[in-house]
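Shown next, in structure tokens, is the structure this report addresses.
All chains are named by letter (A, B, ...) in the order of the sequence lines, taking the proteins before the strands, and each is independently numbered beginning at 1. Hydrogens, waters and symmetry mates are skipped; everything else that's a heavy atom, side chains included, is used.
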Amino acid sequence: MLQHLSSVVWLLFETAQETLEHTRRGRLPFRPAIFFEQTDRAGVGSIPLVALVSLFLGLTMALLTGYQLQSFGTERLVPGLVAVGFTRELGPLITGIMVAARIGAAYTAELGTMTVAEEVEAIEAMGIGPLRFLVTPRVLAVFLLMPCLVVVSNIMALIGAAFISDLHLNISLPYFFDLIHDALQRRDIIAGVIKSFLFGLIIGLVACYKGLTVKGGAAGVGDATTSSVVTAITVVIGFDTLANIVLVALYD
Amino acid sequence: MDTPLVEMSNVDLSFDGTRILKGLSLSVAPRERLVILGQSGSGKSTTLRLILGILHPQHGSVKFKNEEVTHMSRAKLNRMRQKIGMVYQYSALISSLTIRDNLALPLEELTDKSREEIDQIIEEKLAMVGMEDTGERMPSELSGGMKKRIGLARALVLNPELVLFDEPSAGLDPVISSVIDELIISLTEKANTTSIIVTHEMDSAFKIATRIAMLYQGKIIEEDRPERFRRSENEVVKQFVEGKTDGPILENKKS
Ligand SMILES: Nc1ncnc2c1ncn2[C@@H]1O[C@H](COP(=O)(O)OP(=O)(O)OP(=O)(O)O)[C@@H](O)[C@H]1O
Ligand SMILES: [Mg+2]
């Protein structure tokens, strides 16, 4: 595990180096077309899933917390709870898990198949760096799109919470937004944004690394894809915990 | 004598503890057409990968134009690779790109040629391998032999100084095979290209080679001009050239 982690970090540096070397010669580091194709797949294609899951989670969270807090008469804490919970924790985490399953798996399967068919080697043999050509646009696509997806996730969760608050907890929409405004702090938003970028980077790198190191034909691609999703989700949760510890330590 | 274009000396290479190459030495002069013969799994493809710097030897040296491939920086290695064309045993076309884009890829990524120039080069190379009018198709729509020819065309788009052919005529019909053989010969005669060809087809080997080398048990056991290679006294070479079942090659497998 640790060895894999260092290989992933190594992949990041090698890719960055290869990409910069190429840019220094006055060329685009990769094809914009590939980048946009990947952003379309990774980003736009993920919106329905992320939106739906987040909406349900927002509903559930508001229902559960409302149900508990009502007995103390403090159900007006619900909007703030959902807002803070999603902005700094659940939004990035849930989105990260879904993106790892959807995009990470696709990247690994795609690059893995290319590796098995010697396509990656052929690209290398032509003197076209496969890292900058294949890895850079993909990693950049998830890195830049994760925060956007997290925003979608947060908004949908709040819509879910607002719905429950209005129907079930007698919190009107304007009051709902006032409560969020009071509860949500700038540092929650910053924490969420940092996490989003970090998770995007991790998912992209792990997926590409697993794809490029596939061994042994079709079965190898299958194993690598499973392993890519499992590893990415585990590492995302691990880094989430780490980020929480660091952030709490920083603000106390 | 010319300085060799490729020089491998005492190369050792193992995969997971199994030694594939044991002290292989090989030198290729400019404008030669060296055919490498050897059993399946003897390390022929591996040898080509060593020249490209895709694999690194555990011991020994691999030089291209007197420069150690193993010690090259990435930028330098990429510049070297642009001078070498590789025809893969299983084509290795990029499956997500059309045939046209496959051929255009190295030109677009590595040169400053204009759209028109690129189009012209692609037409020319496709015609060379007899595959005009396939440009818009995807690799998955072509047969194995057709893909092979596209792989060959791709290896030639940058007009390389050295072309490595990994079984260029395996899986091709006899007519196309001869066309490819002629093409390999004309590359050296007309374009001063050097070629290293791995093949199992004896007829074509003797037709195209200016020199033949036999790879056996991790070493080059015999290398000579084709007419002398055919008359070799070496038992392994004799058996391989004549394709006989009795001889040292199979016996060795049994033990
Ligand atoms: N990436 C690899 N990992 C482990 N073993 C490998 C790898 N590549 C090749 N080998 C082993 O090295 C040996 C030589 O392989 P190579 O592909 O060079 O053979 P070859 O001479 O080209 O055979 P063929 O004529 O069948 O193509 C084989 O025994 C193969 O199992
Ligand atoms: Mg081979």
> Is B:His59 atom NE2 crowded by more than 12 heavy atoms from other residues, nucleotides or ligands, each under 6.0 Å away?
Replying inline: no

> Should the heavy atoms of other residues, nucleotides or ligands under 6.0 Å from OH of B:Tyr90 be counted, would the total exceed 12?
Replying inline: no

Using non-hydrogen atoms and a 4.5 Å limit, figure out which bit of [X] sits close to chain A: side chain, backbone, both or neither.
{"X": "B:Leu93", "answer": "backbone"}
{"X": "B:Gln89", "answer": "neither"}
{"X": "B:Leu52", "answer": "side chain"}
{"X": "B:Arg154", "answer": "side chain"}

> Given that the side chain runs from C-beta out, which part of A:Arg132 has a heavy atom under 4.5 Å from chain B: side chain, backbone, both or neither?
Replying inline: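 Contact with chain B is through the side chain of A:Arg132 alone.
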
> Side chain, backbone, both or neither: which part of A:Ile123 has a heavy atom under 4.5 Å from chain B?
Replying inline: side chain

> Any residues in residues 139-155 of chain A near chain B, with a heavy-atom distance under 4.5 Å, and which are they?
Replying inline: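 Not one residue of residues 139-155 of chain A has a heavy atom under 4.5 Å from chain B.
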
> Quick one: which residues of residues 104-119 of chain A reach chain B at under 4.5 angstrom, heavy atoms only?
Replying inline: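 Counting heavy atoms that sit under 4.5 Å from chain B, the residues of residues 104-119 of chain A involved are A:Met114, A:Ala117, A:Glu118, A:Glu119.
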
> Under a 4.0 Å N-O cut-off, is there an ion pair linking A:Glu124 with B:Arg49?
Replying inline: no

Mind checking the [atom1]-[atom2] spacing from [X] to [Y]? Nearest 0.5 Å is all I need.
{"X": "B:Ile94", "Y": "A:Phe133", "atom1": "CD1", "atom2": "CZ", "answer": "7.0 Å"}
{"X": "A:Leu28", "Y": "B:Glu108", "atom1": "CG", "atom2": "CD", "answer": "12.0 Å"}
{"X": "A:His22", "Y": "B:Asn78", "atom1": "NE2", "atom2": "CG", "answer": "9.5 Å"}
{"X": "B:Ile54", "Y": "A:Glu121", "atom1": "CD1", "atom2": "CD", "answer": "4.0 Å"}

> Taking only heavy atoms into account, what residues of residues 112-137 of chain B are found under 4.5 Å from chain A?
Replying inline: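 Those residues of residues 112-137 of chain B which have a heavy atom under 4.5 Å from chain A are B:Asp112.
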
>> Quick check: under 4.5 Å, non-hydrogen atoms only, which of residues 140-151 of chain B neighbour chain A?
In response: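 None at all.
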
> Do you know which two heavy atoms are closest between B:Ala92 and A:Ala122, and how far apart they sit?
Replying inline: O-CB, 3.7 Å

> For the residue pair A:Ala125 and B:Tyr88, what are the closest heavy atoms and their distance?
Replying inline: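 Looking at all heavy atoms of both residues, the shortest contact is CB-OH, 3.5 Å.
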
> Can you find a pair of side-chain heavy atoms, one from A:Met126 and one from B:Glu109, that are under 4.5 Å apart?
Replying inline: no

> When heavy-atom pairs shorter than 4.5 Å are enumerated against chain A, which of B:Leu164, B:Thr111, B:Leu77 gives the highest number?
Replying inline: B:Thr111

